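Beneath this line is the structure, given in C-alpha coordinates, with notes to follow.
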Amino acid sequence: MRPPASFVTDDLGSFDSTLPAFLLPILRRDGGEAARHAVETLPDELRGLMQLALAVPDREETRGNHEKTHHIGRIGNITLAAWGAFLALSEFLGETLCSLGRLLTGRARFRTRDFLITLQQCGADALPIVSLISFLIGMIMAFVGNVQLANFGASIYIADLVAIAMVRELGVMMTAIILSGRTGAAFAAQLGSMNANEEIDALRSFGFNPFDFLVLPRVLALLVMMPILTVYANIVGILGGMFVGTAVGIPPALYWHGTLDSINLLTSSLGVFKSFFFGAVIALSGCMQGMNSGGSSAAVGRATTRAVVISITAIIILDSAFAAIFTVLDI
Amino acid sequence: MSAAAVTSESDPRISVRGLTMAYGSFVVMRDLDFDIMPRDIFVIMGGSGCGKSTLMRHLIGLREPAAGTIEYDGRDFTNADPAARAEMIRRFGVMYQSGALWSSLTLAENIALPLEEHTRLPAATIREIVAYKLALVGLSGFEDYYPSEISGGMNKRAGIARAMALDPDILFLDEPGAGLDPLSSRRLDDLILRLRDALGSTIVIVTHELASIFAVANNSVFLDTNTRTLGATGDPVNLREHAEAPVVRDFLNRGESGGDD
(Lines give C-alpha, C1' and ligand atoms only; values in the text may rest on other atoms or scores of the structure.)
Protein backbone atom coordinates (compact mmCIF):
# COMPACT_ATOMS: atom_id res chain seq x y z
CA MET A 1 0.00 0.00 0.00
CA ARG A 2 1.51 3.30 -1.08
CA PRO A 3 1.07 6.26 1.22
CA PRO A 4 -1.52 8.85 0.13
CA ALA A 5 -0.18 11.41 -2.32
CA SER A 6 0.77 14.96 -1.44
CA PHE A 7 2.11 17.51 -3.85
CA VAL A 8 5.00 19.96 -3.87
CA THR A 9 4.27 22.63 -6.44
CA ASP A 10 6.69 25.43 -5.59
CA ASP A 11 8.34 25.39 -9.03
CA LEU A 12 5.09 24.96 -10.97
CA GLY A 13 4.91 27.37 -13.92
CA SER A 14 2.13 27.47 -16.49
CA PHE A 15 0.44 24.16 -17.31
CA ASP A 16 -2.07 22.63 -19.67
CA SER A 17 -4.53 19.74 -19.33
CA THR A 18 -1.77 17.09 -19.23
CA LEU A 19 -1.08 17.97 -15.58
CA PRO A 20 -4.62 17.51 -14.19
CA ALA A 21 -4.98 14.42 -16.42
CA PHE A 22 -1.85 13.01 -14.73
CA LEU A 23 -3.10 13.90 -11.23
CA LEU A 24 -6.65 12.55 -11.58
CA PRO A 25 -5.85 8.80 -11.45
CA ILE A 26 -3.54 9.39 -8.45
CA LEU A 27 -6.30 11.18 -6.54
CA ARG A 28 -8.90 8.60 -7.61
CA ARG A 29 -6.66 5.83 -6.28
CA ASP A 30 -6.42 7.47 -2.87
CA GLY A 31 -10.10 8.39 -2.82
CA GLY A 32 -12.18 10.02 -0.09
CA GLU A 33 -10.54 11.95 2.71
CA ALA A 34 -6.97 11.34 1.53
CA ALA A 35 -7.71 12.75 -1.92
CA ARG A 36 -9.47 15.76 -0.47
CA HIS A 37 -6.46 16.36 1.71
CA ALA A 38 -4.06 16.01 -1.20
CA VAL A 39 -6.08 18.46 -3.30
CA GLU A 40 -5.73 21.05 -0.55
CA THR A 41 -1.93 21.02 -1.10
CA LEU A 42 -2.34 22.16 -4.74
CA PRO A 43 -2.21 25.81 -5.86
CA ASP A 44 -5.56 27.57 -6.25
CA GLU A 45 -6.25 27.30 -9.97
CA LEU A 46 -5.22 23.65 -10.08
CA ARG A 47 -7.21 22.84 -6.96
CA GLY A 48 -10.38 24.22 -8.53
CA LEU A 49 -9.96 22.03 -11.58
CA MET A 50 -9.29 18.91 -9.55
CA GLN A 51 -12.25 19.51 -7.25
CA LEU A 52 -14.46 19.86 -10.32
CA ALA A 53 -13.13 16.61 -11.79
CA LEU A 54 -13.60 14.75 -8.50
CA ALA A 55 -17.03 16.21 -7.71
CA VAL A 56 -18.92 13.29 -9.25
CA PRO A 57 -17.47 9.88 -8.35
CA ASP A 58 -16.31 7.51 -11.08
CA ARG A 59 -19.15 5.14 -11.95
CA GLU A 60 -17.30 1.84 -12.42
CA GLU A 61 -20.49 -0.11 -13.04
CA THR A 62 -21.46 1.92 -16.12
CA ARG A 63 -18.24 0.86 -17.89
CA GLY A 64 -19.22 -2.81 -17.93
CA ASN A 65 -22.19 -2.15 -20.21
CA HIS A 66 -20.01 -1.75 -23.28
CA GLU A 67 -17.60 -4.59 -22.52
CA LYS A 68 -16.86 -7.02 -25.31
CA THR A 69 -19.10 -10.07 -25.33
CA HIS A 70 -17.66 -13.55 -25.39
CA HIS A 71 -17.58 -15.34 -28.78
CA ILE A 72 -20.38 -17.71 -27.85
CA GLY A 73 -22.37 -14.78 -26.52
CA ARG A 74 -21.87 -13.06 -29.85
CA ILE A 75 -23.24 -16.06 -31.75
CA GLY A 76 -26.25 -15.93 -29.44
CA ASN A 77 -26.69 -12.23 -30.09
CA ILE A 78 -26.52 -12.74 -33.86
CA THR A 79 -29.12 -15.51 -33.65
CA LEU A 80 -31.42 -13.36 -31.58
CA ALA A 81 -30.91 -10.45 -33.99
CA ALA A 82 -31.80 -12.70 -36.95
CA TRP A 83 -34.94 -13.87 -35.20
CA GLY A 84 -35.80 -10.27 -34.36
CA ALA A 85 -35.30 -9.28 -38.02
CA PHE A 86 -37.63 -12.10 -39.08
CA LEU A 87 -40.30 -10.95 -36.62
CA ALA A 88 -39.91 -7.35 -37.81
CA LEU A 89 -40.29 -8.48 -41.43
CA SER A 90 -43.46 -10.47 -40.64
CA GLU A 91 -44.91 -7.57 -38.71
CA PHE A 92 -44.12 -5.13 -41.50
CA LEU A 93 -45.61 -7.34 -44.19
CA GLY A 94 -48.68 -7.91 -42.04
CA GLU A 95 -49.15 -4.19 -41.46
CA THR A 96 -48.74 -3.50 -45.18
CA LEU A 97 -51.30 -6.16 -46.08
CA CYS A 98 -53.76 -4.68 -43.56
CA SER A 99 -53.08 -1.32 -45.12
CA LEU A 100 -53.79 -2.68 -48.61
CA GLY A 101 -56.96 -4.24 -47.23
CA ARG A 102 -58.06 -0.86 -45.90
CA LEU A 103 -57.28 0.66 -49.30
CA LEU A 104 -59.46 -1.88 -51.08
CA THR A 105 -62.35 -1.26 -48.67
CA GLY A 106 -61.85 2.47 -49.09
CA ARG A 107 -60.81 3.22 -45.51
CA ALA A 108 -57.12 3.98 -46.06
CA ARG A 109 -56.24 7.66 -46.06
CA PHE A 110 -53.25 9.23 -47.74
CA ARG A 111 -52.65 12.40 -49.65
CA THR A 112 -53.18 11.96 -53.39
CA ARG A 113 -50.49 14.57 -53.91
CA ASP A 114 -47.92 12.41 -52.10
CA PHE A 115 -48.82 9.53 -54.40
CA LEU A 116 -48.49 11.68 -57.52
CA ILE A 117 -45.17 13.14 -56.39
CA THR A 118 -43.83 9.66 -55.65
CA LEU A 119 -45.04 8.51 -59.08
CA GLN A 120 -43.10 11.33 -60.65
CA GLN A 121 -39.99 10.73 -58.56
CA CYS A 122 -39.75 7.01 -59.22
CA GLY A 123 -41.16 7.11 -62.74
CA ALA A 124 -40.61 10.18 -64.88
CA ASP A 125 -37.50 11.33 -63.04
CA ALA A 126 -35.88 7.93 -63.58
CA LEU A 127 -36.35 8.02 -67.38
CA PRO A 128 -32.93 9.49 -68.29
CA ILE A 129 -30.92 6.94 -66.31
CA VAL A 130 -33.15 4.05 -67.42
CA SER A 131 -32.80 5.16 -71.05
CA LEU A 132 -29.03 5.42 -70.86
CA ILE A 133 -28.47 2.09 -69.11
CA SER A 134 -30.94 0.16 -71.28
CA PHE A 135 -29.59 1.59 -74.52
CA LEU A 136 -26.03 0.70 -73.51
CA ILE A 137 -27.03 -2.78 -72.35
CA GLY A 138 -28.75 -3.36 -75.72
CA MET A 139 -25.60 -2.18 -77.51
CA ILE A 140 -23.32 -4.38 -75.41
CA MET A 141 -25.48 -7.44 -76.05
CA ALA A 142 -25.41 -6.74 -79.77
CA PHE A 143 -21.65 -6.20 -79.84
CA VAL A 144 -20.83 -9.33 -77.88
CA GLY A 145 -23.36 -11.37 -79.83
CA ASN A 146 -22.01 -10.13 -83.15
CA VAL A 147 -18.45 -11.22 -82.33
CA GLN A 148 -19.64 -14.84 -82.16
CA LEU A 149 -22.49 -14.79 -84.67
CA ALA A 150 -20.36 -13.11 -87.39
CA ASN A 151 -18.13 -16.21 -87.40
CA PHE A 152 -21.06 -18.21 -88.72
CA GLY A 153 -22.33 -15.43 -90.98
CA ALA A 154 -25.38 -15.27 -88.75
CA SER A 155 -25.20 -11.63 -87.73
CA ILE A 156 -28.89 -11.20 -88.46
CA TYR A 157 -29.63 -13.22 -85.31
CA ILE A 158 -28.35 -10.31 -83.23
CA ALA A 159 -31.93 -9.07 -83.40
CA ASP A 160 -33.28 -12.25 -81.81
CA LEU A 161 -30.52 -12.35 -79.20
CA VAL A 162 -31.05 -8.77 -78.05
CA ALA A 163 -34.84 -8.91 -78.15
CA ILE A 164 -35.18 -12.13 -76.18
CA ALA A 165 -32.55 -11.17 -73.61
CA MET A 166 -34.09 -7.74 -73.07
CA VAL A 167 -37.73 -8.71 -72.72
CA ARG A 168 -37.14 -11.83 -70.63
CA GLU A 169 -34.34 -10.78 -68.31
CA LEU A 170 -32.27 -7.68 -68.82
CA GLY A 171 -34.92 -5.00 -69.21
CA VAL A 172 -36.69 -5.78 -65.97
CA MET A 173 -33.47 -6.64 -64.15
CA MET A 174 -31.68 -3.42 -65.02
CA THR A 175 -34.76 -1.35 -64.22
CA ALA A 176 -35.10 -3.06 -60.86
CA ILE A 177 -31.46 -2.51 -59.98
CA ILE A 178 -31.63 1.16 -61.01
CA LEU A 179 -34.79 1.70 -58.95
CA SER A 180 -33.29 -0.12 -55.96
CA GLY A 181 -30.43 2.32 -55.91
CA ARG A 182 -32.54 5.33 -56.80
CA THR A 183 -35.97 4.89 -55.29
CA GLY A 184 -35.50 2.18 -52.65
CA ALA A 185 -32.63 4.11 -51.12
CA ALA A 186 -34.64 7.34 -51.28
CA PHE A 187 -37.60 5.70 -49.50
CA ALA A 188 -35.35 4.40 -46.73
CA ALA A 189 -33.65 7.77 -46.30
CA GLN A 190 -36.91 9.78 -46.35
CA LEU A 191 -38.74 7.55 -43.89
CA GLY A 192 -35.62 7.06 -41.76
CA SER A 193 -35.09 10.77 -41.29
CA MET A 194 -38.81 11.27 -40.65
CA ASN A 195 -38.49 8.61 -37.98
CA ALA A 196 -35.42 10.27 -36.45
CA ASN A 197 -37.25 13.61 -36.39
CA GLU A 198 -40.32 12.12 -34.62
CA GLU A 199 -42.44 12.96 -37.67
CA ILE A 200 -43.87 9.44 -37.79
CA ASP A 201 -44.83 9.68 -34.10
CA ALA A 202 -46.49 12.98 -34.92
CA LEU A 203 -48.55 11.28 -37.63
CA ARG A 204 -49.66 8.63 -35.13
CA SER A 205 -50.65 11.14 -32.49
CA PHE A 206 -52.78 13.05 -35.01
CA GLY A 207 -54.64 9.84 -35.71
CA PHE A 208 -53.02 9.03 -39.05
CA ASN A 209 -51.90 5.48 -39.72
CA PRO A 210 -48.27 5.84 -40.86
CA PHE A 211 -48.59 2.72 -43.00
CA ASP A 212 -51.56 4.11 -44.90
CA PHE A 213 -50.00 7.52 -45.08
CA LEU A 214 -46.38 6.76 -45.96
CA VAL A 215 -45.89 3.15 -47.03
CA LEU A 216 -49.01 2.66 -49.12
CA PRO A 217 -48.48 5.49 -51.66
CA ARG A 218 -44.87 4.42 -52.12
CA VAL A 219 -45.69 0.74 -52.68
CA LEU A 220 -48.51 1.66 -55.08
CA ALA A 221 -46.31 4.10 -56.97
CA LEU A 222 -43.66 1.45 -57.59
CA LEU A 223 -46.26 -1.17 -58.54
CA VAL A 224 -47.52 1.26 -61.18
CA MET A 225 -44.18 2.52 -62.41
CA MET A 226 -42.07 -0.66 -62.48
CA PRO A 227 -44.02 -2.34 -65.34
CA ILE A 228 -44.15 0.89 -67.34
CA LEU A 229 -40.44 1.49 -66.93
CA THR A 230 -39.75 -2.15 -67.78
CA VAL A 231 -41.62 -1.94 -71.09
CA TYR A 232 -39.80 1.31 -71.81
CA ALA A 233 -36.41 -0.25 -70.96
CA ASN A 234 -37.18 -3.21 -73.24
CA ILE A 235 -37.90 -0.91 -76.18
CA VAL A 236 -34.87 1.29 -75.59
CA GLY A 237 -32.63 -1.78 -75.23
CA ILE A 238 -33.89 -3.17 -78.53
CA LEU A 239 -33.19 0.21 -80.15
CA GLY A 240 -29.66 0.06 -78.73
CA GLY A 241 -29.21 -3.35 -80.35
CA MET A 242 -30.61 -2.01 -83.60
CA PHE A 243 -28.11 0.85 -83.50
CA VAL A 244 -25.21 -1.61 -83.36
CA GLY A 245 -26.92 -3.89 -85.86
CA THR A 246 -27.16 -1.04 -88.34
CA ALA A 247 -23.50 -0.23 -87.72
CA VAL A 248 -22.45 -3.78 -88.64
CA GLY A 249 -24.53 -3.71 -91.78
CA ILE A 250 -27.98 -5.07 -90.98
CA PRO A 251 -30.70 -2.86 -92.53
CA PRO A 252 -33.00 -1.47 -89.83
CA ALA A 253 -36.13 -2.86 -91.47
CA LEU A 254 -34.63 -6.35 -91.51
CA TYR A 255 -33.50 -5.97 -87.91
CA TRP A 256 -36.98 -4.85 -86.85
CA HIS A 257 -38.51 -7.78 -88.63
CA GLY A 258 -36.12 -10.17 -86.88
CA THR A 259 -37.04 -8.65 -83.55
CA LEU A 260 -40.77 -9.03 -84.12
CA ASP A 261 -40.32 -12.63 -85.25
CA SER A 262 -38.33 -13.61 -82.19
CA ILE A 263 -40.70 -12.46 -79.48
CA ASN A 264 -44.40 -12.94 -78.95
CA LEU A 265 -46.87 -11.63 -76.44
CA LEU A 266 -46.11 -14.39 -73.93
CA THR A 267 -42.33 -13.91 -73.87
CA SER A 268 -42.57 -10.16 -73.71
CA SER A 269 -45.04 -10.33 -70.83
CA LEU A 270 -42.66 -12.44 -68.72
CA GLY A 271 -40.48 -9.47 -67.84
CA VAL A 272 -43.49 -7.31 -67.12
CA PHE A 273 -44.92 -10.05 -64.92
CA LYS A 274 -41.70 -10.17 -62.91
CA SER A 275 -41.56 -6.39 -62.66
CA PHE A 276 -44.57 -6.32 -60.29
CA PHE A 277 -42.75 -8.58 -57.84
CA PHE A 278 -39.49 -6.66 -58.14
CA GLY A 279 -41.31 -3.36 -57.64
CA ALA A 280 -42.95 -4.68 -54.49
CA VAL A 281 -39.61 -5.95 -53.18
CA ILE A 282 -37.92 -2.57 -53.76
CA ALA A 283 -40.70 -0.55 -52.16
CA LEU A 284 -41.11 -2.86 -49.18
CA SER A 285 -37.43 -3.16 -48.34
CA GLY A 286 -36.94 0.61 -48.68
CA CYS A 287 -39.99 1.46 -46.57
CA MET A 288 -39.30 -1.21 -43.98
CA GLN A 289 -35.70 -0.16 -43.42
CA GLY A 290 -36.80 3.46 -43.18
CA MET A 291 -39.70 2.85 -40.81
CA ASN A 292 -37.61 0.62 -38.53
CA SER A 293 -34.42 2.67 -38.55
CA GLY A 294 -33.05 4.07 -35.33
CA GLY A 295 -33.07 7.69 -34.27
CA SER A 296 -29.61 8.85 -35.35
CA SER A 297 -28.17 10.02 -38.65
CA ALA A 298 -25.83 7.01 -38.63
CA ALA A 299 -28.90 4.78 -38.35
CA VAL A 300 -30.47 6.47 -41.39
CA GLY A 301 -27.28 5.78 -43.36
CA ARG A 302 -27.32 2.12 -42.30
CA ALA A 303 -31.01 1.82 -43.20
CA THR A 304 -30.33 3.19 -46.70
CA THR A 305 -27.44 0.79 -47.31
CA ARG A 306 -29.45 -2.16 -46.05
CA ALA A 307 -32.46 -1.26 -48.17
CA VAL A 308 -30.38 -1.35 -51.36
CA VAL A 309 -28.42 -4.48 -50.46
CA ILE A 310 -31.52 -6.40 -49.40
CA SER A 311 -33.60 -5.43 -52.41
CA ILE A 312 -30.89 -6.22 -54.97
CA THR A 313 -30.16 -9.58 -53.32
CA ALA A 314 -33.85 -10.43 -53.10
CA ILE A 315 -34.39 -9.45 -56.75
CA ILE A 316 -31.59 -11.69 -58.01
CA ILE A 317 -32.83 -14.62 -55.88
CA LEU A 318 -36.40 -14.09 -57.06
CA ASP A 319 -35.24 -13.90 -60.67
CA SER A 320 -33.41 -17.23 -60.32
CA ALA A 321 -36.56 -18.76 -58.89
CA PHE A 322 -38.61 -17.38 -61.82
CA ALA A 323 -36.04 -18.72 -64.30
CA ALA A 324 -36.38 -22.17 -62.76
CA ILE A 325 -40.19 -22.02 -62.76
CA PHE A 326 -40.37 -20.77 -66.37
CA THR A 327 -38.00 -23.56 -67.44
CA VAL A 328 -40.16 -26.19 -65.77
CA LEU A 329 -43.28 -24.68 -67.35
CA ASP A 330 -41.41 -24.57 -70.67
CA ILE A 331 -42.11 -20.91 -71.45
CA MET B 1 -64.66 21.04 -31.16
CA SER B 2 -64.33 17.52 -29.80
CA ALA B 3 -67.16 15.83 -27.99
CA ALA B 4 -65.81 16.41 -24.51
CA ALA B 5 -66.79 13.74 -22.05
CA VAL B 6 -69.16 14.93 -19.39
CA THR B 7 -67.13 14.94 -16.22
CA SER B 8 -67.14 17.16 -13.23
CA GLU B 9 -64.20 19.47 -12.61
CA SER B 10 -63.18 17.45 -9.57
CA ASP B 11 -62.57 14.18 -11.40
CA PRO B 12 -59.05 13.73 -12.69
CA ARG B 13 -58.61 14.14 -16.44
CA ILE B 14 -55.64 11.77 -16.49
CA SER B 15 -54.96 9.09 -13.86
CA VAL B 16 -51.73 7.16 -13.87
CA ARG B 17 -51.84 4.02 -11.74
CA GLY B 18 -48.80 1.90 -10.91
CA LEU B 19 -47.12 2.76 -14.21
CA THR B 20 -43.81 1.01 -14.85
CA MET B 21 -41.89 2.02 -17.95
CA ALA B 22 -39.15 -0.18 -19.41
CA TYR B 23 -37.04 -0.59 -22.53
CA GLY B 24 -36.75 -4.36 -22.75
CA SER B 25 -35.45 -5.48 -19.37
CA PHE B 26 -34.15 -2.01 -18.46
CA VAL B 27 -36.63 -0.34 -16.12
CA VAL B 28 -36.73 3.43 -16.61
CA MET B 29 -39.28 4.29 -13.89
CA ARG B 30 -41.49 2.12 -11.72
CA ASP B 31 -44.72 2.48 -9.75
CA LEU B 32 -45.72 5.95 -10.91
CA ASP B 33 -49.02 7.11 -9.40
CA PHE B 34 -50.43 10.56 -10.06
CA ASP B 35 -53.52 12.45 -11.22
CA ILE B 36 -53.79 15.38 -13.60
CA MET B 37 -56.91 17.48 -13.04
CA PRO B 38 -58.88 19.37 -15.72
CA ARG B 39 -57.36 22.79 -16.46
CA ASP B 40 -54.12 21.82 -14.76
CA ILE B 41 -50.87 23.05 -16.15
CA PHE B 42 -48.94 19.99 -15.18
CA VAL B 43 -45.17 19.77 -15.37
CA ILE B 44 -43.17 16.57 -15.67
CA MET B 45 -39.73 17.47 -14.37
CA GLY B 46 -36.50 15.73 -13.50
CA GLY B 47 -32.85 15.59 -14.47
CA SER B 48 -31.64 14.92 -18.00
CA GLY B 49 -32.28 11.37 -19.18
CA CYS B 50 -34.56 10.44 -16.29
CA GLY B 51 -37.44 9.40 -18.54
CA LYS B 52 -39.54 12.58 -18.78
CA SER B 53 -40.07 12.26 -22.52
CA THR B 54 -40.58 8.53 -22.12
CA LEU B 55 -43.38 9.22 -19.65
CA MET B 56 -44.98 11.59 -22.14
CA ARG B 57 -44.71 8.97 -24.87
CA HIS B 58 -46.56 6.56 -22.57
CA LEU B 59 -49.27 9.12 -21.86
CA ILE B 60 -49.95 9.67 -25.56
CA GLY B 61 -49.87 5.96 -26.36
CA LEU B 62 -46.66 5.75 -28.39
CA ARG B 63 -45.21 3.27 -25.90
CA GLU B 64 -46.94 0.53 -23.97
CA PRO B 65 -46.49 0.36 -20.17
CA ALA B 66 -44.54 -2.59 -18.79
CA ALA B 67 -47.10 -2.54 -15.96
CA GLY B 68 -49.90 -0.31 -14.71
CA THR B 69 -52.60 1.67 -16.48
CA ILE B 70 -53.36 5.16 -17.73
CA GLU B 71 -56.93 6.47 -17.63
CA TYR B 72 -58.49 9.46 -19.35
CA ASP B 73 -61.63 10.76 -17.62
CA GLY B 74 -61.90 7.44 -15.83
CA ARG B 75 -61.74 5.42 -19.07
CA ASP B 76 -58.93 2.91 -19.40
CA PHE B 77 -56.59 4.08 -22.15
CA THR B 78 -53.93 1.40 -21.87
CA ASN B 79 -56.23 -1.56 -22.50
CA ALA B 80 -58.76 0.19 -24.73
CA ASP B 81 -59.59 -1.31 -28.12
CA PRO B 82 -58.05 0.47 -31.10
CA ALA B 83 -61.20 2.41 -32.01
CA ALA B 84 -61.78 3.77 -28.50
CA ARG B 85 -58.12 4.56 -28.28
CA ALA B 86 -58.09 6.43 -31.58
CA GLU B 87 -61.04 8.47 -30.31
CA MET B 88 -59.15 9.40 -27.14
CA ILE B 89 -55.99 10.25 -29.09
CA ARG B 90 -58.03 12.63 -31.21
CA ARG B 91 -58.47 14.80 -28.11
CA PHE B 92 -54.70 15.23 -27.73
CA GLY B 93 -52.45 17.84 -29.21
CA VAL B 94 -48.78 16.96 -29.10
CA MET B 95 -45.68 19.04 -29.63
CA TYR B 96 -42.51 17.00 -29.91
CA GLN B 97 -39.08 18.00 -28.70
CA SER B 98 -37.76 18.94 -32.13
CA GLY B 99 -41.08 20.28 -33.40
CA ALA B 100 -41.38 17.18 -35.63
CA LEU B 101 -43.08 19.14 -38.39
CA TRP B 102 -43.65 17.06 -41.51
CA SER B 103 -40.66 18.10 -43.56
CA SER B 104 -42.29 17.64 -46.96
CA LEU B 105 -45.09 20.10 -46.12
CA THR B 106 -45.08 23.86 -45.61
CA LEU B 107 -45.98 25.30 -42.20
CA ALA B 108 -49.51 26.06 -43.40
CA GLU B 109 -49.95 22.53 -44.77
CA ASN B 110 -48.60 21.08 -41.54
CA ILE B 111 -51.31 22.80 -39.53
CA ALA B 112 -54.00 22.25 -42.15
CA LEU B 113 -53.45 18.49 -42.45
CA PRO B 114 -55.07 17.49 -39.12
CA LEU B 115 -57.93 19.90 -39.83
CA GLU B 116 -58.51 18.43 -43.29
CA GLU B 117 -58.40 14.92 -41.84
CA HIS B 118 -60.60 15.34 -38.79
CA THR B 119 -63.02 18.14 -39.62
CA ARG B 120 -65.31 19.00 -42.51
CA LEU B 121 -64.43 22.67 -42.56
CA PRO B 122 -64.28 24.38 -45.95
CA ALA B 123 -60.83 25.18 -47.31
CA ALA B 124 -61.23 28.92 -46.75
CA THR B 125 -62.02 28.43 -43.06
CA ILE B 126 -59.05 26.11 -42.67
CA ARG B 127 -56.83 28.79 -44.21
CA GLU B 128 -58.12 31.30 -41.69
CA ILE B 129 -57.57 28.94 -38.76
CA VAL B 130 -54.04 28.23 -39.97
CA ALA B 131 -53.25 31.93 -40.20
CA TYR B 132 -54.70 32.49 -36.72
CA LYS B 133 -52.73 29.63 -35.11
CA LEU B 134 -49.51 30.84 -36.71
CA ALA B 135 -50.23 34.36 -35.46
CA LEU B 136 -50.67 32.99 -31.93
CA VAL B 137 -47.10 31.70 -31.91
CA GLY B 138 -45.71 34.78 -33.68
CA LEU B 139 -45.16 33.19 -37.07
CA SER B 140 -47.53 35.20 -39.27
CA GLY B 141 -46.23 35.38 -42.81
CA PHE B 142 -44.32 32.10 -42.67
CA GLU B 143 -47.21 30.05 -44.09
CA ASP B 144 -45.37 28.96 -47.20
CA TYR B 145 -42.01 28.20 -45.62
CA TYR B 146 -40.78 24.63 -45.28
CA PRO B 147 -39.59 23.46 -41.84
CA SER B 148 -36.00 23.24 -43.09
CA GLU B 149 -36.04 26.92 -44.05
CA ILE B 150 -36.72 28.28 -40.56
CA SER B 151 -34.77 28.18 -37.30
CA GLY B 152 -35.06 25.51 -34.60
CA GLY B 153 -36.96 27.83 -32.27
CA MET B 154 -39.42 28.69 -35.03
CA ASN B 155 -39.87 25.00 -35.76
CA LYS B 156 -40.77 24.50 -32.13
CA ARG B 157 -43.32 27.29 -32.12
CA ALA B 158 -44.81 26.01 -35.36
CA GLY B 159 -44.99 22.61 -33.65
CA ILE B 160 -47.05 24.19 -30.89
CA ALA B 161 -49.32 25.82 -33.45
CA ARG B 162 -49.86 22.43 -35.06
CA ALA B 163 -50.50 20.80 -31.68
CA MET B 164 -53.24 23.40 -31.10
CA ALA B 165 -54.75 22.94 -34.54
CA LEU B 166 -57.73 20.91 -33.37
CA ASP B 167 -58.30 22.87 -30.14
CA PRO B 168 -57.33 19.79 -28.13
CA ASP B 169 -58.69 19.07 -24.65
CA ILE B 170 -55.23 18.01 -23.58
CA LEU B 171 -52.07 19.59 -24.89
CA PHE B 172 -48.73 17.79 -24.46
CA LEU B 173 -45.61 19.86 -24.87
CA ASP B 174 -42.17 18.23 -24.84
CA GLU B 175 -39.54 20.78 -23.80
CA PRO B 176 -41.29 23.76 -25.37
CA GLY B 177 -38.87 26.32 -23.94
CA ALA B 178 -35.57 24.57 -24.59
CA GLY B 179 -33.45 26.43 -27.11
CA LEU B 180 -35.57 29.58 -27.05
CA ASP B 181 -34.17 32.96 -26.07
CA PRO B 182 -35.45 34.34 -22.75
CA LEU B 183 -38.02 36.66 -24.36
CA SER B 184 -39.50 33.99 -26.62
CA SER B 185 -39.54 31.63 -23.69
CA ARG B 186 -41.47 34.18 -21.64
CA ARG B 187 -43.91 34.74 -24.51
CA LEU B 188 -44.42 31.02 -24.66
CA ASP B 189 -45.27 30.87 -20.94
CA ASP B 190 -47.85 33.61 -21.47
CA LEU B 191 -49.26 31.71 -24.41
CA ILE B 192 -49.62 28.54 -22.32
CA LEU B 193 -51.42 30.37 -19.52
CA ARG B 194 -53.75 32.15 -21.93
CA LEU B 195 -54.57 28.94 -23.76
CA ARG B 196 -55.54 27.27 -20.54
CA ASP B 197 -57.67 30.21 -19.46
CA ALA B 198 -59.31 30.77 -22.84
CA LEU B 199 -59.88 27.20 -23.98
CA GLY B 200 -59.92 25.37 -20.66
CA SER B 201 -57.35 22.91 -21.97
CA THR B 202 -55.35 20.66 -19.71
CA ILE B 203 -51.69 21.14 -20.46
CA VAL B 204 -48.92 18.65 -19.73
CA ILE B 205 -45.39 19.99 -20.13
CA VAL B 206 -42.09 18.13 -20.04
CA THR B 207 -39.40 20.56 -19.02
CA HIS B 208 -36.52 21.32 -16.70
CA GLU B 209 -36.56 25.10 -17.17
CA LEU B 210 -37.09 26.38 -13.65
CA ALA B 211 -38.28 29.82 -14.68
CA SER B 212 -41.06 28.34 -16.82
CA ILE B 213 -41.96 25.78 -14.18
CA PHE B 214 -42.60 28.43 -11.55
CA ALA B 215 -44.30 30.75 -14.03
CA VAL B 216 -46.93 28.38 -15.36
CA ALA B 217 -47.25 25.12 -13.43
CA ASN B 218 -49.84 24.54 -10.73
CA ASN B 219 -49.07 20.84 -10.36
CA SER B 220 -46.13 18.61 -11.15
CA VAL B 221 -44.32 15.32 -10.76
CA PHE B 222 -40.61 15.00 -10.16
CA LEU B 223 -38.97 11.87 -11.56
CA ASP B 224 -36.00 10.79 -9.48
CA THR B 225 -33.22 9.09 -11.48
CA ASN B 226 -31.64 7.47 -8.43
CA THR B 227 -34.70 5.75 -6.99
CA ARG B 228 -36.31 5.32 -10.44
CA THR B 229 -39.70 6.44 -9.22
CA LEU B 230 -41.63 9.55 -8.16
CA GLY B 231 -39.59 12.00 -6.10
CA ALA B 232 -42.55 14.26 -5.34
CA THR B 233 -45.89 15.49 -6.66
CA GLY B 234 -47.58 18.84 -6.14
CA ASP B 235 -47.31 22.55 -6.84
CA PRO B 236 -43.65 23.26 -7.69
CA VAL B 237 -43.64 26.57 -5.76
CA ASN B 238 -44.67 24.63 -2.70
CA LEU B 239 -42.25 21.78 -3.39
CA ARG B 240 -39.36 24.22 -3.61
CA GLU B 241 -39.60 24.85 0.12
CA HIS B 242 -41.42 21.85 1.53
CA ALA B 243 -40.62 18.78 -0.55
CA GLU B 244 -39.66 15.86 1.63
CA ALA B 245 -36.95 14.57 -0.67
CA PRO B 246 -33.80 16.75 -0.60
CA VAL B 247 -33.14 15.92 -4.26
CA VAL B 248 -36.39 17.68 -5.24
CA ARG B 249 -35.59 20.80 -3.22
CA ASP B 250 -32.05 20.80 -4.66
CA PHE B 251 -33.44 20.58 -8.20
CA LEU B 252 -35.95 23.39 -7.70
CA ASN B 253 -33.36 25.62 -6.04
CA ARG B 254 -30.60 24.85 -8.53
CA GLY B 255 -28.70 23.23 -5.65
CA GLU B 256 -28.47 26.55 -3.79
CA SER B 257 -29.65 26.56 -0.14
CA GLY B 258 -33.20 25.25 0.24
CA GLY B 259 -31.74 21.80 0.79
CA ASP B 260 -31.02 22.40 4.47
CA ASP B 261 -33.99 24.29 5.91
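Below, read A as the first sequence line, B as the second, and so on, with proteins coming before strands; counting in each chain starts at 1. In this text the structure is predicted, and so the values were computed from the model without any measurement.
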| said: Would you say A:Gln289 and A:Arg302 are linked by a side-chain donor-acceptor pair, where the criterion is simply a distance under 3.5 Å? | reply: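 No, no side-chain donor-acceptor contact under 3.5 Å.
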| said: Heavy-atom pairs under 4.5 Å with chain A: which of B:Arg162, B:Gln97, B:Arg57 has the most? | reply: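 The option with the most such pairs is B:Arg162.
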| When only pairs under 4.5 Å are counted, which of B:Leu62, B:Ile60, B:Val94 shares the most heavy-atom pairs with chain A? |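 If we count pairs closer than 4.5 Å to chain A, B:Leu62 comes out on top.
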| task | Heavy-atom distances under 4.5 Å only: say whether B:Leu105 touches chain A with side chain, backbone, both or neither. | result |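 Contact with chain A involves the side chain of B:Leu105 alone.
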| Do B:Tyr23 and B:Phe26 make the cut of ring centroids closer than 6.0 angstrom? |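 They do not qualify: ring centres at least 6.0 Å apart.
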| Aromatic contact, B:Phe92 with A:Phe206 (centres under 6.0 Å) |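 Ring centroids of B:Phe92 and A:Phe206 are no less than 6.0 Å from each other.
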| task | Determine the interplanar angle of the B:Phe172 and B:Tyr72 rings, folded into 0 to 90°, and report it as parallel if under 30°, tilted if 30 to 60°, perpendicular if over 60°. | result |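 It falls in the perpendicular class, over 60°.
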| request: Give, as side chain, backbone, both or neither, the part of A:Leu203 having an atom under 4.5 angstrom from any heavy atom of chain B. | output: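 The answer is both parts of A:Leu203.
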